[in-house]
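Data first, discussion second: the structure below is written as C-alpha cells.
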Amino acid sequence: MKIPLLDLKIQYKSIKKEIDKEISEVFKNCEFILGKNVKSFEKEFAKYCGVKYAVAVGNGTDALYLALRACGIKKGDEVITSPFTFIATAEAITLNGAKPVFVDIKDDTFNINPDLIEGAITSKTKAIIPVHLFGQPANMDSIMRIAKKHKLIVIEDAAQAHGAKYNGKKAGSMGDAGIFSFFPAKNLGAYGDAGIIVTNNKNIFEKSEMLRDHGRKEKYVHLIEGINSRLDEIQAAVLRIKLRHLNNWNALRRKNARIYDGLLKDIKGITTPKNFKNTEPIYYFYVIRSHKRDILKEFLKKSGIDTGIHYPIPLHLQPAYKYLGYKKGDFPNAEKVSKEILSLPIYPELTVKQIRFIAKSIKNFLSNEKYLDI
Ligand SMILES: Cc1ncc(COP(=O)(O)O)c(C=O)c1O
C-alpha cells in the first residue's frame with residue numbers, strides 16, 4: 001500500500017466540477033485583481049472566523065509581515081514568539097526591522113509556554129505572536145492576560161489552524177489580529193500561494209488594506225508606502241468553494257485522529273497528541289513522538305508510508321538566525337521535540353484501512369527486536 005503524507009489530487013477530484021466552473025467564470029469576467037471573488041471571500045472568511053474584517057493577501061508570510069506593520073511594529077522593537085515554528089513567523093518580524101525573541105514551548109501542545117513569556121519581556125517588547133501549531137490552539141487566555149498587563153499587541157499565527165477553536169472561539173479571532181496561510185497543503189489551501197489577515201480592529205483593517213495595495217485607497221493617491229500583496233481572483237474563487245467544505249474536512253481529520261488515538265494508545269515507545277478539554281484542534285498533521293523517530297520514519301517509508309518532520313531544526317538553531325546569539329540548550333523542549341516528532345498522514349480522504357495499515361506498521365516497528373536497542 002502506498003500512502004502519501006497528503007493527497008491533493010483526491011481532494012481536487014471531489015470538487016472538480018465546482019472548481020472548474022468557477023475558474024472559467026473568472027476567465028469570462030477577466031477581472032483578475034481585487035475582483036468580486038476576493039471581496040466576497042474576505043467577507044465569508046471573516047464571518048467564518050467570527051471577526052469583523054479580513055484582508056486577503058498574497059501568502060501567509062505577507063499576512064504576518066503586513067499585520068505587524070499595520071500594528072506599528074518597527075526597527076528596534078522586540079517580538080516574542082515560539083522557536084518551534086516555520087521560519088515565516090520570525091521572518092515577518094525581521095522584515096519589519098524588529099527582533100524575534102524566542103520563548104520555549106510546552107512539550108504537550110508544541111506551542112509557546114505562557115509561564116515563560118514574562119521572563120522574556122523587556123522595555124523594547126511590543127508584541128507576542130502565538131503560533132497555533134499543527135492546528136492545536138495555544139493557551140490564549142494566559143497569553144492575552146500577559147499582553148494586557150504589559151500593553152502588548154497579540155497577533156495570532158493561525159497559518160495552520162483554519163477553524164480550530166479555543167474555548168469556543170476561532171483561532172485568529174482572539175488577538176489584535178490573526179493571520180492564515182492558504183498554501184496548498186493547508187487544511188484550507190489555494191491552488192497556489194495565498195493568505196489573509198483577520199481582525200476586529202478597524203485601524204488594523206484599514207491600514208492592512210492600504211499596505212497590501214501600495215499604500216493607497218484611491219488609484220493614484222498613495223497615503224503611505226506599501227507593497228503589492230493582493231490575493232488574486234482565481235485563488236479567491238478556489239478558496240470560496242473550498243471554505244464551504246472546510247468544516248466537513250476538519251471533522252473528517254478529527255475523526256481520523258480519534259481512530260489513530262484508539263489504535264496507537266498504550267503502545268510503548270511513542271507518544272500521541274494530547275487531547276485538551278477546551279480546544280478543538282484541526283490536525284494539520286497528526287504528530288507523534290518517538291525516541292527512534294529517524295529509523296521509524298525510514299521503516300514506514302519502506303512500507304510505503306510517507307511521513308514528515310515539522311520541524312527538524314528549531315529557529316534559534318537555524319543558520320539564518322545565528323546572529324541572534326542563541327545556542328544549543330536555550331530552549332530544551334523545542335530541541336527535544338524537534339528530534340522526536342513525526343507527522344503522520346491525516347488528510348480527510350484517508351481511509352480507515354489506510355490508518356489501520358499505518359498504525360499496524362508502527363506497531364510492527366516497535367515490536368521488532370532488531371530496533372529495540374538502537
Ligand atoms: C506557522 C506558519 N506561519 C506562517 C506560514 C507562512 O505562510 P505562507 O507559506 O503562505 O507564506 C506558514 C506556512 O507554511 C506556517 O506554517
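Computed over heavy atoms, backbone and side chain alike; hydrogens, waters and symmetry mates excluded. The shown structure was predicted, so the numbers you read here are calculated from the model rather than taken from an experiment.
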Note to self: Test of understanding: clusters of I, L, V, M, F, W, Y form through side-chain heavy atoms closer than 4.5 Å, transitively. Do I15 and Y347 belong to the same one?
What the structure shows: no
Check: Judged by modelled atom types alone, do K274 and Q136 share a side-chain donor-acceptor pair under 3.5 Å?
Finding: no
Check: Can we say E206 and K202 salt-bridge, meaning some charged N sits less than 4.0 Å from an Asp/Glu carboxylate O?
Finding: yes
Note to self: Measuring centre to centre across the rings, with the benzene-like ring taken for any Trp, is F182 within less than 6.0 Å of H162?
What the structure shows: yes
Notebook entry, point to check: salt bridge (charged side-chain N to carboxylate O under 4.0 Å, His left out) between D294 and K297: does it pass, once the steps are laid out?
Noted result: CA-CA 5 Å; D294 292 336; K297 186 175 194 329; over 6 Å; no
Next item on the list: Determine whether I224 and F205 fall in the same hydrophobic cluster, where Ile, Leu, Val, Met, Phe, Trp and Tyr are linked whenever their side-chain heavy atoms lie under 4.5 Å apart.
Entry: yes
Margin query: Please find the pair of heavy atoms, one from A70 and one from I204, that lie closest to each other, and give the distance.
Written below: CB-O, 3.9 Å
Check: Under the side chain to side chain contact (heavy atoms under 4.5 Å, CB included) criterion, do F365 and L300 qualify, and how do the steps go?
Finding: CA-CA 8 Å; F365 170 80; L300 292 176; 5.9 Å; no
Item checked: Check: D77 side chain, K74 main-chain N or O, donor-acceptor pair, under 3.5 Å -> yes
Check: Between Y326 and H316, what is the ring plane arrangement, given parallel below 30°, perpendicular above 60°, and tilted in between?
Finding: perpendicular
Notebook entry, point to check: Below 4.0 angstrom, N of the basic side chain to O of the carboxylate: do R244 and E44 qualify?
Noted result: no
Checklist line | Minimum-distance pair of heavy atoms, taken over all atoms of G172 and A158 | finding: N-CB, 4.2 Å
Item checked: Least distance between heavy atoms, G329 atom then P332 atom -> O-CD, 3.7 Å
Next item on the list: Return yes if a side-chain donor-acceptor contact under 3.5 Å exists between D261 and N275, otherwise no.
Entry: yes
Notebook entry, point to check: Do the charged groups of E31 and K36 touch, with an N to O distance under 4.0 Å?
Noted result: no
Next item on the list: Report yes if the side chains of T125 and E78 come closer than 4.5 Å at any heavy-atom pair, otherwise no.
Entry: yes
Next item on the list: Please determine if D330 and K327 form a salt bridge, counting it only when a charged side-chain N lies under 4.0 Å from a carboxylate O.
Entry: yes
Check: Can you tell if the side chain of F180 reaches within under 4.5 Å of the side chain of L188, non-hydrogen atoms only?
Finding: no
Note to self: Angle between ring planes, Y321 versus Y323, binned at 30° and 60°: parallel, tilted or perpendicular?
What the structure shows: tilted
Next item on the list: Taking all heavy atoms of I179 and all of I155, pick out the closest pair and write down the distance.
Entry: CG2-CG2, 4.3 Å
Next item on the list: State, yes or no, whether a side-chain contact exists between L366 and K268 at a heavy-atom distance under 4.5 Å.
Entry: no
Next item on the list: Before accepting this row, confirm whether a basic side-chain N of the pair E42/R212 lies closer than 4.0 Å to the acidic partner's carboxylate O.
Entry: yes
Notebook entry, point to check: Pick from K292, R289, R293: which one makes a side chain to side chain donor-acceptor pair (under 3.5 Å) with E340?
Noted result: R289
Check: Heavy-atom distance under 4.5 Å between the side chains of N139 and F276, does that happen here?
Finding: no
Margin query: Count I, L, V, M, F, W, Y as connected when their side-chain heavy atoms are under 4.5 Å apart, and connections chain through other members. Are F299 and Y286 then in the same cluster?
Written below: yes
